[in-house]
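First the structure, in the form of C-alpha cells, and then the observations on it.
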Amino acid sequence: MSQLQSLRGMVDLLPVQTRRWQAVEAVARTHFRCAGIEEIRTPLLEVTDLFARGIGEGTDVVGKEMYSFRDRGDRSCTLRPEGTASVVRSVVQHGLLSQGSQKLWYCGPMFRYERPQAGRQRQFHQIGVEWLGVGSARSDAEVIALAWDLLRDLGVSGLELQINSLGTIDDRQRYRAELVAWLQARADRLDPDSQQRLTTNPLRILDSKNPATQQLLAEAPTLLDALSEESSQRFQAVQAYLAQMEIPFRLNTRLVRGLDYYGHTAFEITSDQLGAQATVCGGGRYDGLVQQLGGPATPAVGWALGMERLLLVLEAAAAADPEGAAARLAATRAPDVYLVNRGEQAEAVALVLARQLRAAGVCIELDGSGSAFGKQFKRADRCGARWAAVIGDEEAAEARFLLKPLHNKGEERCLAMADWQMVIDILACDESDITTATQFDQQ
RNA sequence: GCGGGCGUCGCCAAGUGGUUAAGGCAGCGGCUUGUGGCGCCGCUAUUCGGGGGGUCGAAUCCCCUCGCUCGCCCCA
C-alpha cells in the first residue's frame, strides 16, 4: 500500500464518531461544572523525566511504551502517556496549591507505543479528574461517584465498580514480602510470566490472566489482610460512603494497577461489552506524587476514563436499546431548512439569505450544485430537512422566496426577502413536530 | 516484542485456476431544462493491499513485504 495513511494505532474520528464524542464531552462538562471542577489543559509534550519520576521507572508504561525523542535542543521529550503527572507538574509549577485545594479535570490525547487491539490504540483519549489537596476517605467516594454517575447518565449499563486498598507504602512492603515468600514456595505452579514477575514486580502477579495462576492465588494471602489498622479503617469508611450513596461495588483484592504512584483506594470500572481490555475508567489515591514531583506534601485522588472504550460501550448500549440515552446521544439533527437555488442572481441572493438565517440560529443547508430544481429537491428530501426554501430567477428578481414544508403539514408560503425573520417564527410553530433521527451507523 | 485470523470499488460483498471480476448501498446523470419522497434506465474496479515466482492461463497456488484485526504482555 503506497497510499498515504495514518500511522498504526492513530485513528481518524469521522463525523459519525465526532458526533458522539461531542455529546459525551458535553455531558461530562455539565457534570464537572455541577461538581465545581475546573478544566486544565497541559502540553502534550513534556520532559521525559516527569513521567519517569512520576509514573515509576519500573513500570511498563515508562519502560517500553513511551513515545520519546530528542528535540533540536537535545532535550529528551515524551508525548504524554497519561494525564496525572502533567497536571501535578502544572499545579506545582504555578503554585496553585497555595490557593487551597484544586479540583481539576482534563481531556485529550495520550500516547503509548503498544500493539493496537480492541479498545487500545497508540493515540487514545482520556477524560480525567484530579483532586489535589483533599485527603479524606469521603473524597475518594465522592470522586468515584462522579465517574459512576457520569457513566450512568450517558446511558451505559453492564458496568462493574471494583475497589481495593493498596494501603500505605509500609503496608505494601510488608505484604510484598509475605506474598513473595508464599509464592516462592509454590513457584513451580506459576506460569512463566508470573515467575518472572516474582522478582520484578510481584504484586502484578495478582491480576495475571492465567487461570492456573488465578486458582493458586485464591489461597494466597491478600493485601487487604495485610493492611494496618489505620489503612483498613480508612478503606472501611470509603466503602461505607459508597454504600450510603447506593453505588454497588465489588471488593477485588487482586486489583493492583500498574502505575507506581497509587496507594490506599484504587478502583476500576469495567464493562462486559469490551474485549480483553475491559477497564473503562481507572483511578485511585496518590498521596505521594505531588511531593515526589517537587511540590508540598499533598494528598490527591483522581481517575481517568478511556474515551475510545467508553464509546465502544456506548455503541453497544445504543444497539441494544435504540430508545435509550446512549442512542439519543448519537441523534443527528437534520438542517431546519434546505435552500434550493438556481440561476446566477438567485445563487447570490441565496447566499445572503442563508447567512442571515444562520446568524439567527437557523440551520441551513445551501445547495451549491446549481443543478436542476428536481435534483435539489431530491437532496433536500434525503437530508431530512423539514423545510425547503426556494429561490430561482423569478424570486430573485422580485426579492422574495418560497418556503415549503417537505414532510410535515403546513402551507407553502411566499415571503418577501425583507421578511426573512418570519422563517424563525414559522419554524418555531413547527417545533412540536420534531422527529429526531436516531441512526447509529456501524463503524 | 510474541502468537492467531484477514486484506476484491467510498461502504457491504460474490468469486477458491480458464474468454469481458456478480450483486447491494452510497454517489453522479437521465426519464422529469422551476419543485422532492416511489419507480425505472444508465454511469462508476483494465483490476483483486504491494512486490516477486511458478503456470499456456491466477483475484484464486508459492515466497516476501505492508496493512488491518483479535489475543498475550500492560493499561484507559
Side-chain angles (χ1 to χ4, degrees), chain A residues 1-9 11 14 16 55 58-66 81-84 107-128 147 191-194 196-197 200-201 204 207-210 255-259 262 267-271 274-283 302-313 338 340-343 346 367 369-396 402 404-408 412 441-443:
Chain A
M1 195 63 113
S2 61
Q3 259 267 312
L4 248 29
Q5 61 181 69
S6 60
L7 251 19
R8 162 176 281 169
V11 309
L14 304 178
V16 178
I55 300 171
T59 61
D60 279 20
V61 170
V62 171
K64 56 179 197 185
E65 294 171 3
M66 292 206 299
E82 57 106 50
T84 304
C107 71
M110 307 293 163
F111 303 84
R112 304 228 282 231
Y113 194 91
E114 301 178 89
R115 197 70 183 271
Q117 68 185 72
R120 167 187 296 163
Q121 293 154 208
R122 287 182 173 179
Q123 176 178 331
F124 61 105
H125 300 75
Q126 292 185 330
I127 293 184
D191 60 278
D193 272 337
S194 295
Q196 178 77 34
R197 277 178 293 194
T200 57
N201 197 345
R204 294 238 61 95
D207 59 10
S208 163
K209 280 179 186 163
N210 185 288
L255 180 64
V256 281
R257 306 198 53 73
L259 277 35
Y262 287 113
F267 75 95
E268 284 185 7
I269 298 175
T270 59
S271 164
L274 296 168
Q277 314 303 326
T279 304
V280 179
C281 177
W303 50 254
L305 184 153
M307 276 297 270
E308 283 79 2
R309 291 185 189 174
L310 171 59
L311 269 291
L312 287 173
V313 174
Y338 191 96
V340 171
N341 62 108
R342 183 167 158 84
D367 192 300
S369 68
S371 49
F373 282 89
K375 281 286 167 222
Q376 295 195 39
F377 270 95
K378 200 168 271 190
R379 289 195 202 95
D381 190 65
R382 252 182 313 201
C383 80
R386 288 176 296 135
W387 294 85
V390 185
I391 304 178
D393 287 329
E394 293 169 21
E395 287 81 3
L402 251 54
K404 173 180 172 158
L406 286 174
H407 48 78
N408 47 335
E412 180 171 322
D441 325 36
Q442 297 150 352
Q443 312 206 47

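The chains referred to below are lettered A, B, ... by the order of the sequence lines, with proteins before strands, and numbering in each begins at 1. Predicted, not measured: the structure shown is a model, and the values here were computed from it.
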Distance, P atom - from rC68(B) to rA76(B), rounded to whole angstrom:
24 Å

Please report the distance separating the P of rG49(B) from the corresponding atom of rU8(B), rounded so that it comes out in whole Å.
6 Å

Classify E395(A) by what it touches in the nucleic acid, base, sugar-phosphate, or nothing, heavy-atom distance under 4.0 Å.
base

If I take atom OH from residue Y338(A) and atom CD from residue Q376(A), how far apart are they, to the nearest 0.5 angstrom?
6.0 Å

Under 4.0 angstrom, heavy atoms only, what part of the nucleic acid is R382(A) near: base, sugar-phosphate, or nothing?
sugar-phosphate

Any Q117(A) side-chain nitrogen or oxygen under 4.0 Å from OP1 or OP2 of rG71(B)
yes

Could you measure between the two P atoms, the one in rA13(B) and the one in rC25(B), and give it in whole Å?
15 Å

Considering just the side-chain nitrogens and oxygens of K64(A), establish if one lies under 4.0 Å of OP1 or OP2 belonging to rC73(B).
no

Salt-bridge test for K64(A) and E114(A): reply yes if a basic N is under 4.0 Å from a carboxylate O, no otherwise.
no

For a quick check of understanding: with a heavy-atom distance under 4.0 Å over all strands, which category does G392(A) fall into, base, sugar-phosphate or nothing?
base

Using Watson-Crick geometry (N1-N3 plus N6-O4 or O6-N4) or G-U wobble (N1-O2, O6-N3), each under 3.5 Å, rG27(B) is paired with rC43(B)

With a 4.0 Å cut-off on heavy atoms, is A372(A) in touch with a base, just the backbone sugar-phosphate, or nothing at all?
sugar-phosphate

Hey, is the side chain of R8(A) poking within less than 4.0 Å of OP1 or OP2 on rC68(B), counting only N and O atoms?
yes

Contact class for G119(A) (heavy atom, under 4.0 Å): base, sugar-phosphate, or nothing?
base

Could you let me know what rG71(B) is paired to, Watson-Crick or G-U wobble, both distances under 3.5 Å, or none if it's on its own?
rC2(B)

Gap separating the CZ atom of F111(A) from the CD atom of Q121(A), nearest 0.5 angstrom
11.5 Å

Expressed as a whole number of Å, how far does the C1' atom of rG18(B) sit from that of rU33(B)?
49 Å

F377(A) on top of rG37(B)'s base, within under 5.5 Å and under 30°?
no

Classify E268(A) by what it touches in the nucleic acid, base, sugar-phosphate, or nothing, heavy-atom distance under 4.0 Å.
nothing

Quick one: label Q277(A) by what it contacts on the DNA or RNA (base, sugar-phosphate, nothing), any heavy atom closer than 4.0 Å.
base

Distance to the ring centre below 6.0 angstrom and angle to the axis at most 45 degrees; does that hold for K404(A) and F377(A)?
yes

Taking only the C1' atom of each, what is the distance from rG7(B) to rG50(B) in whole angstrom?
11 Å

Could you tell me the separation between the CG atom of L311(A) and the P atom of rA76(B), rounded to a whole number of Å?
18 Å

For rA22(B), the Watson-Crick or wobble counterpart (both distances under 3.5 Å):
none

With rounding to whole Å, what would you report as the distance between rA22(B) and rG67(B) at their P atoms?
31 Å

For a quick check of understanding: with a heavy-atom distance under 4.0 Å over all strands, which category does Q121(A) fall into, base, sugar-phosphate or nothing?
base

Side-chain N or O of R120(A) less than 4.0 angstrom from OP1 or OP2 on rU69(B)?
no

Is the distance from OP1 or OP2 of rG36(B) to the nearest side-chain N or O of Q376(A) less than 4.0 Å?
no

Would you say R342(A) places a side-chain N or O within less than 4.0 Å of OP1 or OP2 belonging to rU33(B)?
no

Regarding L402(A), tell me which of base, sugar-phosphate or nothing describes its non-hydrogen contacts under 4.0 Å with the strands shown.
base

Distance between the P atoms of rU60(B) and rG51(B), in whole angstroms?
12 Å

Measuring only between side-chain heavy atoms, which start at C-beta, is S369(A) closer than 4.5 Å to R379(A)?
yes

What nucleic acid atoms does D381(A) come within less than 4.0 Å of, heavy atoms only: base, sugar-phosphate, or nothing?
base

Y113(A) ring centre to R122(A) NZ or CZ under 6.0 Å, with the angle to the axis within 45°?
yes

Go nucleotide by nucleotide along RNA chain B from the 5' end; which of R204(A) and R379(A) gets its closest nucleotide reached first?
R379(A)

On RNA chain B, nearest-nucleotide positions of Y113(A) versus F373(A): which is more 5'?
Y113(A)

Between rU46(B) and rC9(B), how far apart are the P atoms? Round to whole Å, please.
11 Å

Pair of N/O donor and acceptor under 3.5 Å linking rU35(B) base with K378(A) side chain:
no

